[in-house]
Every structure is written in structure tokens, then in C-alpha cells.
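Structure first, then comments.
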Amino acid sequence: MPNRLNAPISRRNFLKWSGAAAAAATAGGRTPVLHALVPANEPGTASQVEHKFSVCGMCLNKCGLIARVEDGVVTKLDPNPKFLKSRGMLCARGNAGVTQLYDPDRLKYPLLRKGKRGEGKWQRISWDEALDYAADKMKIIAEKYSRCGMLFTPGSDMQSTFVHWFAEVFGSYNITTHESSCLVSRNRAYLDTFGEVPFSDVLHSKYIIMAGANRFEALITPDSIDLMTARKNGCKLVVLDPRYTKTAALADEWYPVRPGTDMAFFLALAHVIIMENLYDPQFAAEKLSGLNELADHVMSCTPEWAETEGDIPAADIRRIARELAAAAPAAIVYPGRRTSDYINSTQIRRSMAIVNALLGNWDQPGGLLGARKVGLASPELPEAPFYEDNPDDRLDHGRAHMMFEEEGSFKHMRDAIIEQQPYPVKGWFVYKYNPMQSLANRRKTLEMIDKLDFIVTVDIAMSDTAWMSDLVLPAPSSLERQDPASGLQGSSACACVVTRDPVVPALFESRPVFDILKGIAGRLDLGEYFDFTVADYRKQQLRKLPDAEKALHEDGVYYNPSKLYGVYEGRVYKTRSKKIELHNSRYADMGIEPMPVYQPPRQIPSDRFRLVIGRNAYFTHCSTQNNALLHELMPENTLWIHPKPASRLGIRNGSTVVVSSAAGRGEIKAELKPGIRKDTVFMGSGFGVLSTGMSNIFGSGACVAELLEDYADELSGNSAMHETFVQVSRKGA
Amino acid sequence: MMKTQLAMVIDSSKCIDCKACTVACKVENQVPEGHWRNWVKHAEPDADRLARGGKDTAGHFQPGACMHCEEPTCVRACPTGATYKDEADGSIRVDSALCIGCGSCIPACPYGARYRHPEKKIVDKCDYCSARRARGELPACVVTCPTKARTFGNLHDPKSEAAILMAANSTVRVANPESDTRPNMYYIGATAPLNWPVKAQFPAPISIWAKLAKPLIWGAVGLNALGVLVMLGKQVLMADDAPEAEDPENQKEATHG
């Protein structure tokens with residue numbers, strides 16, 4: 001290889017020695033991509049470069065990463081190649097974690113509201129003042145309304161466990177989280193069928209039906225990645241979705257199903273599998289309870305009937321049932337995650353769980369798997385105090401038939417706070433949770449806020465919920481703090497333990513929620529319950545895993561080589577019959593349909609559309625839209641509408657349209673999409689914000705929470721966010 | 001033949017269009033707002049097929065970036081020699097010391113892979129993450145990709161992953177027939193869309209010379225001097241924004257099966 005400099009004189013070498021080049025060389029400037037907060041280093045000029053393990057905090061997946069730290073500045077996050085759960089990847093959001101760390105929109109110091117709520121007038125106060133203020137308010141509420149007068153809503157975060165602990169020692173049962181806007185109906189259905197919420201062995205599956213899940217956009221590790229690997233190994237993918245998602249684009253078959261009719265499709269699959277004897281009789285005899293009842297139940301649920309309900313051709317339903325059964329047990333009706341869609345969401349997921357049961361895929365390669373042993377121990381904490389003057393139950397108790405006691409339902413909690421029934425709740429502690437954007441019917445959330453005496457929000461940035469709060473406390477990003485250990489289920493990839501130590505020190509005056517809670521606890525004479533550090537807590541968690549600390553230090557992750565398949569050998573199912581319950585007798589006793597009965601969705605009025613919502617790979621719910629790098633990928637949300645109805649309404653691509661429902665209204669740009677049903681429109685979440693603290697997205701798009709009416713799943717209390725009909729018109733028309 | 005030819009071998013059928021590669025690239029290379037060094041293009045079935053649903057509705061996503069071509073039109077368009085094919089590894093590089101930011105190379109690239117850096121006032125594009133490679137790391141887009149659609153390596157090293165994939169699969173290149181630059185970006189099997197590369201556009205003086213002059217004259221000092229003068233003049237007159245294809249979401253293409 002000739003050295004370039006020794007090569008015959010070319011144009012560029014000529015210029016290198018000429019004056020013109022020297023003049024041009026000074027033109028290059030520094031590029032502060034990370035905005036004003038951090039000076040950009042020219043590549044290769046740092047004097048000290050370190051690489052540190054962490055796990056991503058941009059969504060719930062906790063993907064392993066390696067941070068490159070140059071002279072104390074995080075310059076790049078790369079995937080940890082040894083991290084099996086994420087298959088050694090880092091998505092767009094994970095890469096944009098650097099921008100979250102150095103985001104100029106971050107909260108920098110404690111803020112106390114000065115004007116009216118939502119007016120945006122704040123006073124900077126010291127941490128001592130802030131913690132004194134919070135403790136005083138909580139004390140007053142506890143004295144006046146009992147300790148259950150405080151509501152706690154921790155978001156999905158590795159430190160949320162401390163919010164739960166604080167609520168327990170403070171004495172409030174009123175804790176609710178993100179989950180009742182997400183997956184409690186799926187959990188309910190699978191618990192009430194299999195006795196456990198399963199993980200899908202996507203990697204080894206040969207046939208997957210995905211209905212109401214969009215795994216190539218709403219990334220879940222390892223499922224999203226394994227789905228592609230499985231596809232390359234010949235796994236067939238059938239997608240039911242009213243819109244042409246990227247998952248639909250990458251499927252073998254896509255059916256634009258009529259929204260709300262998925263149960264008809266799954267009952268028809270059960271019909272074909274049972275009538276044609278396509279199930280494993282030995283598995284059925286040993287493991288299934290209620291097959292005869294189910295056979296009677298689905299007798300009339302023919303594919304022809306399902307076609308009239310859901311617009312999926314009967315011949316295809318019949319063929320898919322046969323193909324699915326032929327691939328069993330390495331075949332899955334994918335349980336999905338966000339199932340907050342319809343008022344009968346639990347029963348819809350029961351119908352899917354029942355088809356899985358007929359496939360005999362439980363505890364099998366390519367099927368549904370129970371949880372694996374991770375091995376984390378519960379830290380030994382003092383016994384929480386008992387408060388005699390507390391009410392008997394949580395505030396939302398009894399508002400849905402089968403709500404999870406520890407979880408409740410935010411929708412019902414909000415209703416109960418507005419009604420002040422059965423008792424008043426007057427204070428709210430919010431950590432990294434934003435129901436002003438994520439919970440259907442924003443006006444009702446504002447109504448709830450009106451009933452409250454005190455709201456404190458701990459977050460990284462001024463979310464819409466922080467915007468409506470009285471006290472706003474800055475939290476560090478996940479790269480700036482020490483966290484407890486967390487056990488992760490990675491399906492067939494792994495069962496593992498992760499943790500975090502600070503990659504860089506916390507910026508500004510931000511403090512981890514643990515420190516905040518400890519500070520408040522001390523002021524409320526509850527200091528003895530927080531007489532530990534995060535490091536102590538983690539040590540206790542890891543006490544039964546002697547190899548974990550070393551592995552976490554050396555690889556950024558600890559794997560427990562626990563049993564994967566055959567976990568249920570010699571074990572009974574955790575159900576009343578100790579078998580997989582096709583027919584749930586406990587439901588029957590409670591007056592609930594013991595097998596899922598199809599209810600047609602409400603008819604859409606001719607001048608309306610059904611509004612459906614969903615995700616893409618750039619945003620985590622409503623929390624990353626303002627991140628400068630992700631904002632560039634999608635600066636605003638749009639309303640997907642089919643060109644035919646759009647044309648009828650005089651709406652063109654990019655037209656501003658007014659969308660209105662019984663809950664509210666919004667203005668948004670239309671995006672004409674031939675891949676959405678003519679009776680359905682779609683919007684992404686996280687835009688139309690009220691907070692000016694979201695400087696990139698303020699003034700852009702419309703807010704899903706403003707438009708959605710607050711239906712709920714009758715059984716689990718899960719939010720039902722696909723039940724809203726909207727009118728759409730061209731602005732000014 | 002060069003001993004080393006760095007290249008990307010891409011299985012675009014694995015791409016889920018998550019944009020991990022585009023964001024990873026922006027962070028690694030400090031690409032300024034509004035600009036991109038890489039992209040993902042879309043191919044969707046037509047409206048009739050989407051209306052029917054069922055089996056015939058597959059779409060396709062196609063990751064891309066500078067193709068580090070065998071016959072780079074950008075190199076030909078550059079008046080100062082700032083854009084060159086690195087003889088050590090076959091990549092196409094921009095020497096920031098020589099680039100005068102004239103932007104002639106931007107329309108000369110059929111793939112829209114180049115942009116004018118608003119602060120540095122020079123042209124920037126994918127360099128296969130040269131700083132990472134110097135540290136022994138793979139390009140940021142390659143390591144971060146969830147489905148590992150992008151593979152990178154030396155095509156002339158039979159042990160490289162890229163070369164192994166090339167040997168084991170039929171591949172296609174995406175190029176405009178009127179400006180086939182022989183890209184060093186290979187797509188395994190088939191890919192879509194295909195019709196997006198444009199014809200390379202050369203600044204007038206260059207294209208006249210290109211037509212008149214024989215290839216040997218390209219090295220001549222006289223032409224260099226003329227080119228530099230023309231381009232320096234052009235830079236003074238030109239507005240800041242050279243024409244370029246940027247927003248990856250807007251680079252959607254019509255259907256191509």
C-alpha cells in the first residue's frame with residue numbers, strides 16, 4: 001500500500017501545500033450539538049476517556065449500555081454487547097439518553113409555585129425549604145384526612161420501589177402506577193387462565209399471531225429483536241391491526257381488523273381447533289380445565305360469523321387456525337402489553353389466552369413461559385407502622401370487579417378523588433409519572449387536581465403534571481445516580497440482574513427520589529424507616545447471589561442460569577382447579593362470564609371515527625417527545641386518516657384539522673394514510689403539551705389525553721383508550 | 001486492487017425502521033440539528049393492495065448512508081481534492097483542511113449523502129466513524145442496530161463478516177443507471193425502494209471540463225487552479241444552504257414492492 005504522501009502529486013496533495021488550503025482549514029468550528037450545557041470536544045482530544053456500565057432509563061426495558069465519558073462528559077452511549085436481554089442493541093431512545101442528560105429543559109433546582117396552578121410562575125427555593133414544605137403539607141393532610149389522604153403515583157423506575165416503601169411507612173394504601181393505563185387487563189386474563197403472567201418465547205416460535213401489539217415499533221426486549229430472528233428462521237407472523245404499522249409491514253399477513261372485534265377472531269380460532277380436533281388430547285386431558293364447556297361455548301363461533309364481525313375472511317381464519325395448530329406447541333397468540341383498549345379488555349385477552357391454552361404451548365420452547373428464577377432477595381426493612389385512624393380500603397376499592405389490590409386503577413382513583421367518596425384524598429406525590437398526558441380525559445385530571453390541597457412532582461423535566469403541581473423537585477437522569485438492583489425476565493434470552501452507579505455526578509441541584517423521600521421521612525419522624533443507603537439496600541438484595549457483584553462490575557449484568565423450560569414439571573397451576581382454566585369457575589361465582597362472551601363494539605356514528613392510539617420506536621409513552629434528537633425524528637404528532645374520508649371532508653395531507661370528542665378537542669395536522677381503515681383515525685401521544693418547559697414541542701400537535709374519553713375495562717379497571725369516537729373537520733371549514 | 005475495501009453489507013429485510021442508527025450516528029459524529037449522515041427509506045405497497053389486506057402487503061425499510069463508491073462522482077466534483085478516496089481503506093473521505101465548503105459535491109452525490117455543516121462551513125458525511133475505527137470499534141450505526149441489519153468490514157479480507165456475507169449471498173447495489181458510481185454498499189437479496197438515487201449533477205465548469213478533458217488531464221495543475229478559482233468565487237456568491245436531501249422521514253419513496 002503506497003503511502004498517500006508518497007503518491008504522485010494529486011489535486012488534493014497539491015492543495016495541501018498551497019495557501020488556499022491553509023485558509024480553508026481555519027473555517028471549521030466547534031459544534032455544540034449538546035447545546036449550551038456541555039462544551040463539545042473535538043474527537044480524539046479528550047485527555048481522559050472512561051467506559052462505564054449502566055442500564056438505559058429511557059423506557060422500561062433497561063437495556064445494558066456502556067457510556068463513553070471523556071473528561072467527565074458523557075459523549076456516547078453504546079450497547080453492552082454482553083447484554084443478552086436486549087441482544088446487544090441500543091435503540092434510538094437509548095442513544096438519545098445523552099441528550100436527556102444534557103437537556104437544557106431539565107429541571108435544575110426546587111421550584112415552588114407562585115401564581116395559580118398551571119400559570120407557570122415559580123420561585124426557586126432551597127432543598128431545605130422544599131423538604132420542609134413537603135413534610136408540612138403531608139403532615140397537615142395526614143392529620144386532617146388520615147394518612148390515606150395522600151396519593152402516591154410512582155412511574156416505572158428503578159427507584160420507584162422507595163416510593164412504595166415511603167407510602168407504606170407514611171401509611172397510605174393509595175398507590176397507583178402506570179400499569180392501569182397499560183397492561184393490568186392482560187395480567188388479569190393470564191392470571192385467571194394460567195395462574196401466571198407469561199413471557200413469550202418469541203425466538204423459538206414458528207407461528208405468531210399479533211393482535212393489538214406492534215412489537216417492531218413499541219420495542220420490548222428481547223421480543224422485538226427475537227421476532228426478527230424468528231422470522232429469519234421461518235416463523236410466520238400474522239398481524240391484526242386497524243392500521244398498517246411497521247409490524248404489519250414486516251408480517252406475512254396483515255388484516256385491518258374492525259377495531260374491538262378481536263375476540264370474534266379468537267373464538268373462531270378456538271372453534272376450528274376444537275371442532276377439527278387440532279389440539280393435543282394428552283395435554284388437554286392433563287392440563288386443561290373446562291374443555292367441554294368451551295367446546296359448547298364456541299360451537300356457534302364459526303369463521304363465517306367472525307368474518308361478519310371483524311372483516312377478516314372466513315377462509316383465512318380457518319386456514320390460520322389450522323396453520324397455528326400445526327405449528328403448536330411452538331406457536332403463540334402474542335399476549336401483548338398495552339391492552340388498555342376496550343371495556344371488555346380482560347375478556348378479549350381471556351379469549352387469546354384460551355387459544356394459547358389449546359395450543360398446549362405453556363412452558364414449551366416457542367410458547368409461553370412462566371417467570372424464571374432471578375434470585376434477588378427482599379431487603380430486611382423494619383415493620384411499617386400501623387395507623388388506627390386509617391380507612392379500611394384504598395380509595396378506588398370496589399370500583400371494578402377484579403382490580404389488583406396493590407395496583408388499583410388510576411381512572412377510578414381519579415373519579416373517587418373528584419367525588420371525594422368514600423373519603424377525601426387531598427395530597428399527591430408524583431414521581432416520574434405524567435397522567436396529564438397519559439391518562440384519558442385531561443379535563444377530569446384537572447378536575448381532580450382542583451380537589452387537591454398539595455401536589456409535589458419529582459421529575460427530570462417540567463412535564464404537564466409537574467406544570468400543574470405546587471412543588472416541583474428536580475431528579476437526576478438514570479446516568480447520574482446509584483440505583484437498587486433490579487431483576488429482569490428476558491424470556492429465553494436470560495433471567496438477569498442489573499443495577500446502576502453514577503456514570504457522571506448529578507447535574508445542577510438534582511437529587512434522586514430516594515434522597516428526597518429520606519429527607520421528608522426524617523421531617524415526619526419516620527427517619528428510622530429510611531435509615532439505610534441505596535448501597536445498603538442493594539447489598540441486601542444481592543445477598544443470596546454471591547457471584548452477582550463481581551459480574552455486575554465486570555460485565556454490567558449478572559445472569560442467573562435458572563431453569564427455562566419444564567419449570568412446571570411436577571407443579572400445579574396457581575388456579576382454583578390447579579389446571580389451565582378455559583372455564584373460570586371463580587368468575588362464575590362472582591357473576592362474571594366464566595368464558596369470554598363476544599360483545600360487538602358500539603357502532604361508530606356515520607359522522608365520526610374511532611380514535612386509536614399507539615407507539616413508535618422513538619417515544620416512550622409521553623416522556624421523550626421533547627428530547628432534541630428524538631424530536632427531530634418526529635417534531636409533532638399527526639392524525640392518520642384514510643384518503644377517502646379525508647377527501648370527503650376536504651382534508652389534504654398536512655391540512656390542519658379539528659378533532660373533537662365528548663372529552664375535548666385538539667388541532668393537529670392530518671396525514672393521509674391508505675394503510676388505516678376508513679372508519680378509524682390514529683394519533684400518537686405526548687404532544688399538545690401545556691407546559692412551556694417542554695420547549696421543543698410546546699405548541700405542536702394535539703394531546704391524546706385531551707381527546708380520549710375515560711372508559712375502563714369492567715374487570716380490571718384498566719383504562720380503555722380505543723372506545724372514543726371523534727369528529728374530524730378541516731380547520732376553518 | 002486495493003488491499004482493503006471497507007464496505008457495508010446490509011440485510012434490509014431485517015430493518016424495522018427504528019432509527020437507532022440515525023440517532024447513534026448523530027451523537028457519535030456530532031451531526032448538527034436538521035442534518036443526517038444516514039437514513040432509512042421506505043417502500044410501501046400501493047393503496048389498492050393495502051385496502052385488500054391479507055398476504056400481499058409487505059413493506060420494506062432500507063437503511064443507507066454514504067456508499068463509499070468505486071467511481072465516486074463527489075470526488076470528481078470536488079475542486080480542491082478535499083473529497084478523496086482513501087487508498088488505505090477504500091473509504092471516501094472529506095479532508096476538512098482542504099474543504100472550502102463550496103458544496104459542489106452535494107448535488108454530485110446521487111444519494112444525498114452529503115450536507116454542508118452550518119457551523120464548520122465544510123461538507124460532512126459518513127466516514128464509517130473514523131474516530132471509532134481508530135479505537136478499534138465498529139461504526140456506531142452497526143453496533144447499535146437492534147436486528148444487526150448493517151454489517152461492516154473489509155471486503156478483501158475473506159474472514160471479515162462483510163466478506164463472508166457477500167460470499168454467501170447474492171447482493172444488489174442501489175444506483176441510478178445514469179450515474180452508476182458502483183457503491184460499496186451491498187444489499188443482501190433484494191431491497192426496496194430502488195428508484196431514489198438521482199443523476200449526479202456537476203457544477204457547470206466541472207461538467208464542461210469533464211466532457212472535454214480526457215481522464216489524464218484530471219491531475220493537471222492548470223485545471224486545479226481554475227477549479228479553485230471558480231469555486232472560491234462561487235462560495236462567496238452562494239447562499240448558505242446547498243440543495244440537499246435531509247429529513248429521513250421525508251425521504252419516503254413510492255411503492256416498489
Side-chain angles (χ1 to χ4, degrees), chain A residues 1-2 4 7-16 20-21 24-25 27-31 33 40 43-44 76-79 81 87 89-92 94-96 98 216 219 224-225 228 232 244 246 248-256 313 316 617-618 628-630 632-634 643 674-675, chain B residues 2-4 14 16-20 22-24 26-28 30-34 44 46-47 50-51 53-55 57-61 80-82 84 86-88 95-101 117 119-122 131 134 137 140 143-148 218-219 221 224 228 232 248-249:
Chain A
M1 173 64 52
R4 249 195 311 122
I9 292 177
S10 67
R11 285 199 300 160
R12 60 176 299 282
N13 284 341
F14 166 73
L15 276 165
K16 203 164 214 168
R30 295 200 307 177
T31 322
V33 177
K76 181 76 177 69
L77 305 174
D78 277 323
R87 306 293 184 196
M89 73 94 188
L90 203 60
C91 76
N95 276 281
V98 184
F216 283 138
L219 301 180
S224 298
I225 304 117
M228 180 54 74
K232 289 287 164 187
Y244 185 69
K246 287 171 192 175
L250 296 171
D252 292 286
E253 300 177 31
W254 164 62
Y255 295 95
D316 288 316
Y618 325 139
L629 282 170
L630 302 171
E632 255 194 287
L633 295 175
M634 187 171 150
Chain B
M2 285 183 182
K3 281 184 192 150
T4 299
K14 282 182 171 179
I16 60 173
D17 189 32
C18 69
K19 304 284 201 300
T22 64
V23 177
K26 287 202 74 153
V27 177
E28 180 66 55
Q30 303 189 5
V31 178
E33 191 180 342
E44 254 186 31
D46 60 35
L50 286 177
K55 283 185 171 177
T57 55
H60 203 97
F61 305 109
T80 68
Y84 64 101
D86 191 326
E87 290 174 23
D95 186 333
S96 59
L98 293 182
C99 179
I100 55 171
H117 196 294
E119 282 108 34
K120 294 182 180 173
K121 308 290 183 200
I122 57 168
E137 298 169 7
V143 294
T144 215
C145 178
T147 59
K148 303 291 176 262
W218 276 90
V221 171
N224 274 315
V228 169
L232 284 176
E249 272 294 330

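Chain identifiers are assigned alphabetically (A, B, ...) following the order of the sequence lines, protein sequences preceding nucleic acid strands; residue numbering begins at 1 within each chain. Every value quoted in this text rests on a predicted model; they were computed, and no experiment measured them.
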| Which heavy-atom pair separates A:M228 from B:K14 by the least distance, and what is that distance? | CE-O, 3.4 Å
| task | Considering non-hydrogen atoms only, spot the tightest contact between A:Y244 and B:G59 and give its length. | result | OH-N, 3.1 Å
| query | Of the backbone (N, CA, C, O) and the side chain (C-beta and beyond), which part of B:C18 lies under 4.5 Å from a heavy atom of chain A, both, or neither? | reply | both
| note | Looking only at A:P674, A:A249, A:P313, A:A617, most heavy-atom pairs under 4.5 Å shared with chain B are made by A:A249
| query | Any idea which heavy atoms bring B:T57 and A:W254 closest together, and the distance? | reply | OG1-CB, 3.7 Å
| Quick one: OG1 on B:T147 to CZ on A:R87, what's the gap to the nearest 0.5 Å? | 13.0 Å
| Atom pair OG1 (B:T22) and OH (A:Y618), whose distance is rounded to the nearest 0.5 Å | 7.5 Å
| said: Restricting to non-hydrogen atoms, name the atom on A:K76 and the atom on B:A140 that form the minimum distance, rounded to 0.1 Å. | reply: CE-CB, 3.8 Å
| query | So which heavy atom on B:P146 is nearest to which on A:I225, and how close? | reply | O-CG2, 3.2 Å
| request: Check whether A:L219 gets within reach of chain B through its side chain, its backbone, both or neither, counting any heavy atom under 4.5 Å. | output: side chain
| note | Cut-off 4.5 Å, heavy atoms of chain B, and the answer for A:D252 is backbone
| query | Of all heavy-atom pairs between A:N95 and B:V27, which one has the smallest distance, and what is that distance? | reply | O-CG2, 3.6 Å
